[in-house]
Amino acid sequence: MSPAPPGGGEPLSEALADRRRKALALRELGIPPWGVDFHPTHTCGQANDQAPEEIGAHGDEVAVAGRLLRIRRSGGIAFADCFDESGRIQLLVSREVYAAMSLLRELDIGDIVGAKGRLMRSRSDQPSVQVQELILLAKSLRPPAGKHRGVVDPELRYRRRYLDLLSDPQRRLIFKQRSAIVSALRSVLEERGYMEVETPILQPIPGGGDARPFRSHHNALDSDFFLRIAIELYLKRLLVSGFERVFEIGRTFRNEGLSPRHNPEFTLLEAYQAYGDLDSMMDLCQAMVQGACSAAASLGAEPPGELMQQFAVTPMVQLVYQTTGFDALELWQAPGEMGVRARELGVQLPVDPGPGRILFEVYDQLVEPTIRQPTFVVGHPAEVSPLARRGDDPRFAKRFELVVNGRELANAFSELNDPLEQRERLLEQARRRQSGDEEAQPFDLDFVEALEHGMPPAGGIGLGVDRLVMMVTGAASIRDVLLFPTLRPQPEGDGGSRTL
RNA sequence: GCCGCCAUGGCGCAGUGGUAGCGCAGGGGCCUUUUAAGCCCAGGGUCGCAGGUUCGAAUCCUGCUGGCGGCACCA
């Protein structure tokens with residue numbers, strides 16, 4: 001075991017010490033281990049594709065750069081596989097090119113190099129660059145993890161994601177697909193005349209959804225702020241302001257448990273359309289999901305085929321009746337009886353629930369998880385939809401959720417623009433909050449006052465981008481579609497929140 | 001927050017009370033057409049941390065830390 005470097009940190013393992021020794025030795029020889037300019041003429045993938053077909057034949061002069069994946073030395077000749085984002089090319093170095101050969105002796109897997117030479121095809125039919133000049137661009141002081149199998153230790157994968165991504169092109173592909181999906185969502189919205197906006201993430205009152213927020217504090221203002229749990233109330237203020245089609249794609253935060261489907265910070269898309277309604281939101285929703293599927297498919301993903309078909313539209317009351325035999329409309333007049341029947345089905349209920357809440361809990365706990373095919377579930381109880389307009393039957397809201405594979409993917413409604421009713425319904429939420437429901441929405445007077453100036457009737461939608469990406473790419477865990485998922489910070493030691 | 005499983009060299013793993021091992025990576029050597037190249041040699045470990053039981057602990061017990069999965073909460 002080598003001594004610990006000055007300033008702390010873990011002791012250097014043999015491999016680490018050796019790489020450091022090589023870097024310093026090269027510097028002694030006047031070869032900088034880092035920080036040389038190099039301008040590739042071809043990507044590794046291009047070089048590989050453009051190599052001559054015939055064994056032994058030579059092609060164009062090229063300059064390529066990339067990271068060393070493998071080195072095979074065989075006496076007077078050596079082969080090194082070098083890769084970049086585009087692919088891989090073999091470098092062929094022979095003893096006659098003395099400088100390159102002696103530099104290669106000091107190189108390790110993981111080092112980033114540039115190579116100049118002619119394209120050719122080796123005797124065993126491998127596209128190669130016959131190296132004339134080899135240049136070290138960045139010495140790697142640490143051995144790469146997971147050279148053969150990729151990084152499999154989940155802790156390493158998430159804590160040091162760059163190693164995971166570096167060692168596994170498939171993993172990188174998911175994030176290219178994610179980027180394409182988000183880009184497609186943006187295109188669909190922009191084509192339809194929606195304007196992208198940015199609204200506060202630090203909010204004095206975290207409204208627009210049912211969730212526990214993160215709390216923070218601003219020193220100069222000596223005021224508490226919350227990280228937003230939804231974007232809704234600010235986007236609706238913009239509808240009041242005269243912008244008619246707005247959307248935001250942004251990070252949103254909920255102070256709740258972690259699971260393969262929940263990360264404390266996640267990406268939410270919300271869009272609002274003045275004079276829109278439930279139909280226009282269904283239309284938009286379907287277009288966004290299908291745009292996402294096409295975008296990902298063009299990068300090799302295989303989205304479930306059902307997502308490309310017309311989604312079903314089914315009332316919640318009907319789904320609940322079909323699945324459980326629970327007849328909400330029949331029981332509506334007798335909430336006590338309704339609660340008893342729900343509990344008999346094994347449904348957990350809050351204290352003193354109204355009929356709407358009972359119906360919703362039965363749906364949420366017993367029915368939603370069983371929905372497989374993409375379905376627009378419509379007719380949510382108004383009681384659990386405090387920001388949505390009531391339907392012709394005032395017990396129900398003009399609202400839909402898109403459910404696929406038992407999971408809610410999007411949530412939309414015809415927005416409530418009656419300031420008097422909105423005030424009442426938010427006050428009801430506030431009362432529930434006071435009696436202990438931590439997730440009931442707080443009362444935002446400023447928002448209600450905005451509505452009092454007149455908000456056009458509007459359709460609005462929220463869509464969970466991470467879950468859409470999971471569904472379209474087939475990822476099993478939300479951590480697989482987040483570059484840096486939230487983990488418990490490590491107090492000290494490897495891969496944690498080291499500040500030194 | 002609760003329950004279960006896991007933690008052994010840089011990476012992947014074996015080792016269930018008696019001398020800590022294997023493969024890859026790294027070091028030294030041989031090899032001018034290799035493909036996770038091959039062959040020879042020599043290294044590398046406070047077995048996650050802290051206690052306890054025992055003549056003796058990687059192994060058994062307790063606590064802690066971290067991860068994964070499930071439950072609860074939620075999207």
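These numbers were taken from a predicted model, which means no experiment stands behind them. By convention in this document, chain letters (A, B, ...) are assigned in the order of the sequence lines, proteins followed by strands, and residues within each chain are numbered from 1.
- Side-chain proximity of A/E256 to B/C73, B/C31, B/U34: nearest is B/C73.
- Note on A/R479: only backbone sugar-phosphate atoms sit closer than 4.0 angstrom, heavy atoms only; bases stay farther off.
- Side-chain atoms of A/I109 lie closest to B/A25 of the nucleotides B/A25, B/U33, B/C73.
- When heavy atoms are screened at a 4.0 angstrom cut-off, A/Q90 is found touching base atoms of the nucleic acid.
- Of the two residues near RNA chain B, A/R105 and A/G75, the one whose nearest nucleotide lies more 5' is A/R105.
- In this entry B/C71 has B/G1 as its Watson-Crick or G-U wobble partner, both defining distances falling under 3.5 Å.
- Here B/A42 sits opposite no nucleotide as a Watson-Crick or G-U wobble pair (both hydrogen-bonding atom distances under 3.5 Å).
- Distance from the side chain of A/R72 is smallest to B/U34 among B/U32, B/G26, B/U34.
- Of all nucleotides listed (B/G26, B/A37, B/U33), B/G26 comes nearest to the side chain of A/D108.
- Which of B/U34, B/G27, B/U32 sits closest to the side chain of A/S94 comes down to B/U32.
- Heavy atoms of A/N263 sit under 4.0 angstrom from at least one base atom.
- Here B/A36 is the nucleotide among B/A36, B/U32, B/C71 with the atom lying nearest to any side-chain atom of A/R70.
- Counting only N and O atoms by type, the side chains of A/D60 and A/Q50 include no donor and acceptor under 3.5 Å apart.
- Among the heavy atoms of the strands lying under 4.0 Å from A/R73 is at least one base atom, whether or not backbone atoms are also near.
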* To do: Evaluate the side chain to side chain donor-acceptor pair (under 3.5 Å) criterion for residues A/Y234 and A/E232: first the C-alpha distance (whole Å), next the side-chain angles of each, then the deciding distance (0.1 Å), finally the verdict.
  => CA-CA 6 Å; A/Y234 283 90; A/E232 177 149 4; over 6 Å; no
* side-chain contact (heavy atoms from CB on, under 4.5 Å) between A/F214 and A/I229: does it pass, once the steps are laid out? -> CA-CA 9 Å; A/F214 286 90; A/I229 59 166; over 6 Å; no
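- For A/K139, the salt bridge (charged side-chain N to carboxylate O under 4.0 Å, His left out) partners at least two apart in sequence or on another chain are A/D108, A/D111.
- Looking at heavy-atom distances under 4.0 Å, A/E408 makes contact with sugar-phosphate atoms alone, never a base.
- Residue A/K22 places no side-chain N or O under 4.0 Å from the OP1 or OP2 atom of B/G26.
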